[in-house]
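This report concerns only the one structure given below.
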Amino acid sequence: MASKAPSMVYFFVLIGLTLLFSNNVYATDYDNYINVYELTNGKISIKVTNYGATLLSVIVPDRNGKLDDVVLGYPTIDGYKNDSTYFGGLIGRVANRIGGAKFTLNGVGYTLPANDHGNTLHGGTRGFSDVIWEVTGYEKNSHVSLHYHSYDGEQGFPGAVDVYVTYMIIGGNRLGLKMEATPLDKATPINLASHSYWNLAGHGSGDIFSHDIQLFASKITPVDDKLIPTGQIVPVQGTPYDFLQSRSIGGKFNELPSGYDINYVVDYVPNGHVHKVAVVQEPISGRKMELWSNKPGVQFYTSNMLNDTLGKDGATYHRYGGLALETQGFPDSVNHPNFPSQIVNPGENYLHVMVYRFTAHH
């Protein structure tokens, strides 16, 4: 309960301070359509590209003031175009998996691209992380805003949707994301997510086993062998999935077949307000990352499928080299009536807010 009061503070900070901070935003042309935008305020700096509305880097200080990039990524934009890891991508129209690559809505059946073992993953073969977004504005050291128009029938989904994403640096140590979507003509499922991989010791520093994590989630949605939810919602207590108290990621890793890749049901009052989802700490650097969101689920993923991937700055990313915390609606919600609905109707607005707070402790 203690986390809910500060969560409201961060929500209002996110919305209210969007236009109050200013500094330079630098854009570098890669070609006529794809640009990179840097936001910096002296304590935190990020880079975003309009290719996939992708978060390219987040540079924050450690306990001694040393700056490191703490998100995994590719050395060039071309890496993101041929990407199967979804590094930093803005995922949609429906993030995570849809079982059987199909669903029924209002009596009409829809078939989607089966790009993951017979299922649909992260929006299909060309989801929102693989399209070029329009940059609609930025203010100096405040934010960069992007827009994408998803047409009716894109990747099999019904209806046209206008999608908006804003990345913001807030104050001295917070990064905010605001994701919005408005269906124009038909009801449609919408589940946007940010797919950054984090390593608080630095993006190329090895595995994340020594990171401590606390997840404010007492239940998970278990999955079958193809990572499709069974429809159950079960408690984590007494299992390797229990992070209700902060502990190392590697502590019970040997009890899992291949690592963490599961949706957690976040403990919160379902009122749409921002709530604390996770706290991650890295002991050597002293960096701490707190995450707030207004969504009911978070996918905790330990980069189980990374395989000697060539990254930024000459780094090679091995298996378990980063962790993802993707706040979201539950996977395959369109096929599980007992899960929170992701259907958004024309005239309604989808809103997904994330706030990261970075600190470093001695």
Result of checking Gln328, Arg97, Glu326 against Gln299 for side-chain hydrogen bond (donor to acceptor under 3.5 Å, both in side chains) | Gln328

What closest approach, in Å, do Ile190 and Pro183 show between heavy atoms, and which atom pair accounts for it?
-> CD1-CG, 4.0 Å

Quick one: does Leu112's side chain get under 4.5 Å of Phe157's, heavy atoms only?
-> yes

Please say whether more than 12 non-hydrogen atoms of neighbouring residues, nucleotides or ligands are located less than 6.0 Å from NZ in Lys252.
-> yes

Should the ring pair Trp133 and Tyr148 be called parallel, tilted or perpendicular, given that the plane angle runs from 0 to 90° and is split at 30 and 60?
-> tilted

Linking I/L/V/M/F/W/Y whenever any side-chain heavy atoms sit under 4.5 Å apart, do Ile44 and Leu39 land together?
-> yes

Between Phe87 and Tyr74, what is the ring plane arrangement, given parallel below 30°, perpendicular above 60°, and tilted in between?
-> tilted

Parallel, tilted or perpendicular: ring planes of Tyr86 versus His195, cut at 30 and 60 degrees | tilted

May I ask you to decide whether Lys81 forms a salt bridge with Asp83, counting only side-chain N to carboxylate O separations under 4.0 Å?
-> no

Side chains of Phe128 and Arg93: does their closest heavy-atom pair fall under 4.5 Å?
-> yes

Any side-chain heavy atom of His147 within less than 4.5 Å of one from Val163?
-> no

Evaluate the side-chain hydrogen bond (donor to acceptor under 3.5 Å, both in side chains) criterion for residues Asp212 and Ser246: first the C-alpha distance (whole Å), next the side-chain angles of each, then the deciding distance (0.1 Å), finally the verdict.
-> CA-CA 6 Å; Asp212 292 323; Ser246 182; 4.9 Å; no

May I ask you to decide if the ring planes of Tyr320 and Phe253 are parallel, tilted or perpendicular, using 30° and 60° as cut-offs?
-> perpendicular

Residue pair Leu184 / His149, side-chain heavy-atom distance below 4.5 Å = yes

Residue pair Asn173 / Arg357, side-chain heavy-atom distance below 4.5 Å | yes

Lys/Arg-Asp/Glu bridge criterion (N-O < 4.0 Å) met for Arg287, Asp68 | yes

Test side-chain hydrogen bond (donor to acceptor under 3.5 Å, both in side chains) on Glu282 and His211 and set out the steps.
-> CA-CA 5 Å; Glu282 198 284 312; His211 285 56; 5.1 Å; no

Enumerate, atom names and distances included, each donor-acceptor pair closer than 3.5 Å involving a side-chain atom of residues 343-353, sequence neighbours excluded.
unit_1	atom_1	unit_2	atom_2	d
Asn345	ND2	Glu348	OE1	3.4
Asn345	ND2	Glu348	OE2	3.4
Glu348	OE1	Asn345	N	2.8
Asn349	OD1	Thr182	OG1	3.2
Asn349	ND2	Glu180	OE2	3.3
Tyr350	OH	Leu192	N	3.0
Tyr350	OH	Leu192	O	3.3
Tyr350	OH	His352	ND1	3.3
His352	ND1	Leu192	O	2.9
His352	NE2	Thr327	OG1	2.8

Show me the side-chain donor-acceptor pairs of residues 229-241 shorter than 3.5 Å, one per line, residues at least two apart or across chains.
unit_1	atom_1	unit_2	atom_2	d
Thr230	OG1	Gln232	N	3.2
Thr230	OG1	Gln232	OE1	3.3
Thr239	OG1	Val236	O	2.6
Thr239	OG1	Tyr241	N	3.1

